[in-house]
Number of protein chains: 2
Amino acid sequence: MARQTPTLEHVAKLAGVSQMTASRALNGRSGVSRETRDEVLRIASDIGYVVNRTAQKLSGGRNGIIGIITPTLDTQFSSELILGAGRAARGAGCEILVYTVFDEDRHPHHDLLGLIQQFSDGILAILPRESLCLEALSSAKVPVVVVDQRGGTLTDFPSVSVDNYGGARLAVEHLAELGHKRIAFLAGDETIEGVRDRQRGYHDTLARLGLPREDALVAAGDLSQMMAFDVTFDLLNLADPPTAIFSANDQSAFGVIAAIREAGLRVPDDISVIGFDDIPMSEQFHPALTTIRQPFQQMARSAINTLLAQIAGIGAASQRITLPAELVVRDSTGQVRTKQGGAHHQIVST
Amino acid sequence: MARQTPTLEHVAKLAGVSQMTASRALNGRSGVSRETRDEVLRIASDIGYVVNRTAQKLSGGRNGIIGIITPTLDTQFSSELILGAGRAARGAGCEILVYTVFDEDRHPHHDLLGLIQQFSDGILAILPRESLCLEALSSAKVPVVVVDQRGGTLTDFPSVSVDNYGGARLAVEHLAELGHKRIAFLAGDETIEGVRDRQRGYHDTLARLGLPREDALVAAGDLSQMMAFDVTFDLLNLADPPTAIFSANDQSAFGVIAAIREAGLRVPDDISVIGFDDIPMSEQFHPALTTIRQPFQQMARSAINTLLAQIAGIGAASQRITLPAELVVRDSTGQVRTKQGGAHHQIVST
DNA sequence: TTGAAAGCGCTAACAA
DNA sequence: TTGTTAGCGCTTTCAA
């Protein structure tokens with residue numbers, strides 16, 4: 001069809017107007033008569049005109065692209081967020097482009113920033129970890145919104161995160177209501193602010209409810225399933241083992257459950273397990289995982305809206321949005337068993 | 001520092017050369033004396049110059065960016081591939097930008113193509129499904145390489161995929177060597193070429209080995225864990241149930257194993273399970289999953305190299321690369337149990 | 001080995 | 001409501 005990519009010039013010429021008028025019509029700006037606009041639009045569509053966003057950007061305008069920076073692509077966490085951001089952005093007529101900053105990166109973060117800026121109207125930074133990126137981002141020429149890190153001391157970027165502290169409270173309260181007293185916590189990566197908040201929530205709630213707080217009940221994980229599997233045995237081998245385990249994230253919870261089974265115990269009959277995140281897998285897992293849901297969609301939407309506002313020049317300089325977490329009760333938590341209680345499931349292995 | 005983003009003009013001025021010379025030096029082209037080059041490079045680095053890739057592209061040159069199109073971000077499959085592509089690209093001095101084409105997309109694919117082209121020197125399309133994208137891509141102005149689909153009839157793009165057929169053969173042979181005769185297959189999404197190849201491999205190998213091929217031994221899945229969980233019961237409830245199940249992908253295999261357990265059986269003691277993909281989770285799963293490994297890194301590297309060659313103007317017009325799959329034996333497959341065999345694990349539930 | 005001129009496709013700013 | 005001019009930052013020609 002189009003032997004040569006159609007440009008604004010072509011559209012303008014065919015419509016018999018100036019490029020400027022065509023541009024205005026195409027971008028839905030004011031200052032164009034209805035008829036002219038319709039005509040331009042029709043022709044553009046006819047010849048399959050697609051605006052060149054590269055030129056758009058270069059000439060100092062907006063190009064309707066939002067850049068997303070993420071440290072990883074292989075965690076449900078990021079992909080859920082990106083998915084949500086994509087939906088929200090497209091809803092607002094924007095496109096998103098994703099740039100991955102690998103951890104291994106000895107990448108001059110300077111460069112990366114330059115690159116993203118050149119392409120987009122604004123940056124959505126998914127930064128669970130207090131990474132170096134923030135520093136680089138602080139000299140950004142386009143608006144930035146940070147997801148999942150309030151990044152207190154470091155920057156003044158608007159941010160969106162879930163109420164990690166409150167979510168942890170919900171988890172512990174749920175367990176307590178089921179009669180659990182010895183509640184263990186499988187900690188996660190300490191470098192992640194949100195994860196530290198969960199641990200604080202665990203501790204404080206235990207204290208408030210008058211439940212035992214012992215160092216031995218806190219196992220050190222790294223948010224990975226494998227690590228969780230390993231350290232769970234330490235918990236299980238305690239003289240007075242926990243009847244419930246609160247895992248810092250869902251992924252770890254899977255490891256916890258695997259370990260419990262490996263030890264010949266059952267979930268939730270012998271031990272209850274609750275996670276944090278509510279990734280898609282959690283619902284499919286057997287037993288379906290009770291967990292604290294992060295409202296990924298909502299977080300993403302909120303972040304995009306904030307960013308869009310910044311781009312438009314409206315919106316507070318530095319707002320911090322915290323969204324509530326939600327308890328999702330499924331099959332991995334249950335009433336605590338009394339020691340002398342009746343029948344037990346057991347595995348007879350010869 | 002930089003009160004205003006430094007441009008080539010600044011660099012050139014400071015170095016006392018023309019922009020063109022500076023450009024040549026920065027891009028490592030010939031036609032610049034060593035001294036001039038070094039000086040330009042030094043100054044550029046000093047003032048924190050970062051090339052504007054947008055301008056670079058607009059002015060008709062390459063900009064060292066590879067665009068990746070992917071239908072999903074939330075499958076290990078895509079993220080593994082993207083990860084690998086990122087590594088390979090960076091190794092070659094390129095950056096990658098990811099664009100997600102949602103399935104839900106009523107997106108004028110025309111637009112998307114335009115967008116990606118404008119930004120990049122070439123496109124890597126991860127297209128397991130025979131999507132509409134291919135059609136849109138066929139009018140691309142930049143080179144395209146397709147991963148995971150040979151897309152026979154549709155296009156002539158160079159492509160990279162794993163030997164799905166051969167992988168399936170490995171899986172069945174492995175099971176057969178362990179003494180299994182009744183081997184079931186959990187099929188996946190029929191719209192995916194690679195998945196169909198796996199099924200063919202399963203069938204043909206069964207035939208070659210003289211093993212029973214029954215329709216009842218093939219369950220219809222959709223590559224999801226949940227679906228796999230459900231349909232596995234059909235397999236288990238067969239009058240003469242299989243002693244081994246070959247699942248079209250790892251994710252499904254997890255569902256299969258969960259279902260087997262739910263039915264009170266053990267893996268691999270009672271039933272062996274083998275997957276396909278070897279996603280990271282498979283190693284961590286309990287039991288660790290025996291599976292057929294797709295060489296994601298290698299596929300990605302190969303695709304990037306092919307693409308780079310195309311961009312450079314060398315490289316065959318339409319080559320199809322098929323990489324070998326590999327059997328990874330872990331804990332989910334074992335010697336078949338003879339019916340009258342000795343002790344069994346069993347679960348006594350009251 | 002170097003430089004000057006022109007232009008990629010678009011949009012601000014200004015003018016009419 | 002419309003058009004003109006200039007220029008974004010770079011690279012391609014072509015010339016020196």
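Per chain, numbering begins at 1; letters A, B, ... match sequence-line order. Values in this document were obtained by computation on a predicted structure and should not be read as measured data.
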Participant: Are B:Thr70 and B:Thr100 linked by a side-chain donor-acceptor pair shorter than 3.5 Å?
Facilitator: no
Participant: Parallel, tilted or perpendicular for B:Phe296 and B:Phe77, by the 30°/60° rule?
Facilitator: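 B:Phe296 and B:Phe77: perpendicular rings.
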Participant: Tell me what A:Arg37 touches on the nucleic acid: a base, only sugar-phosphate, or nothing, going by heavy atoms under 4.0 Å.
Facilitator: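 No contact at all - A:Arg37 keeps every heavy atom at 4.0 Å or more from the nucleic acid.
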Participant: Rounding to an integer number of Å, can you tell me how far A:Leu58 CG sits from D:dC8 P?
Facilitator: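 The answer, rounded to whole Å, is 9 Å.
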Participant: What contact category does A:Ser30 fall into here, base, sugar-phosphate, or nothing, at under 4.0 angstrom with non-hydrogen atoms?
Facilitator: nothing
Participant: In whole Å, what is the span from the CG atom of A:Asn52 to the C1' atom of C:dC8?
Facilitator: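 My rounded result for the distance is 9 Å.
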Participant: Round to the nearest Å and state the distance from A:Leu8 atom CG to C:dC8 atom P.
Facilitator: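 Interatomic distance, CG of A:Leu8 to P of C:dC8: 13 Å.
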Participant: Can you confirm whether the side chains of A:Ser78 and A:Thr72 place a donor and an acceptor under 3.5 Å from each other?
Facilitator: yes
Participant: Nearest to the side chain of A:Met20, which nucleotide is it out of C:dA12, C:dC10, D:dT11?
Facilitator: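 Of the candidates, C:dA12 comes closest.
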Participant: Tell me: NE2 of A:His10 to C1' of C:dG9, nearest whole Å?
Facilitator: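 It works out to 10 Å between those atoms.
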Participant: Would you classify A:Thr36 as touching base, sugar-phosphate or nothing, given that sugar-phosphate means primed atoms plus P, OP1 and OP2, and contacts are heavy atoms under 4.0 Å?
Facilitator: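 Touches sugar-phosphate only.
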Participant: Taking the side chain of B:Ser18 as its heavy atoms from C-beta onward, which of C:dG3, D:dT1, C:dC10 lies nearest to it?
Facilitator: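 Nucleotide nearest to B:Ser18's side chain: C:dG3.
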Participant: Roughly how many Å is it from CZ in B:Phe119 to C1' in C:dG9, rounded to a whole number?
Facilitator: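 Rounding to the nearest Å, CZ of B:Phe119 and C1' of C:dG9 are 13 Å apart.
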Participant: What is the distance from CD of A:Gln19 to P of C:dG9, rounded to the nearest Å?
Facilitator: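 It works out to 10 Å between those atoms.
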Participant: May I ask you to test the B:Ile82-B:Ile126 pair for a side-chain heavy-atom distance under 4.5 Å?
Facilitator: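 Heavy-atom side-chain distance check passes, below 4.5 Å.
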Participant: Quick one: do B:Asp38 and B:Arg42 make a salt bridge, cutoff under 4.0 Å?
Facilitator: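 A salt bridge is absent here (no side-chain N lies under 4.0 Å from a carboxylate O).
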Participant: What is the nucleic acid contact for A:Gly31, judged by heavy atoms within less than 4.0 Å: base, sugar-phosphate only, or nothing?
Facilitator: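 Here A:Gly31 touches the bases of the nucleic acid.
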Participant: Counting only side-chain heavy atoms from C-beta out, which of D:dC10, D:dT1, C:dC10 sits nearest to B:Ala55?
Facilitator: D:dC10
Participant: Contact class for A:Arg62 (heavy atom, under 4.0 Å): base, sugar-phosphate, or nothing?
Facilitator: nothing
Participant: Please state whether the base of D:dG3 and the side chain of A:Arg24 form at least one donor-acceptor pair under 3.5 Å?
Facilitator: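 For A:Arg24, whose side chain was compared with the base of D:dG3, there is a donor-acceptor pair (under 3.5 Å).
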Participant: Whole angstrom is fine here: how far is it from CD in A:Glu9 over to P in D:dT4?
Facilitator: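 Distance check: A:Glu9 CD to D:dT4 P gives 13 Å.
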Participant: Send over the distance from A:Gln56 CD to D:dG9 C1', rounded to a whole Å.
Facilitator: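 From A:Gln56 CD to D:dG9 C1': 17 Å.
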Participant: How do A:Gly60 and B:Gly16 order along DNA chain C: which one's closest nucleotide is nearer the 5' end?
Facilitator: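 Closer to the 5' end of DNA chain C: B:Gly16.
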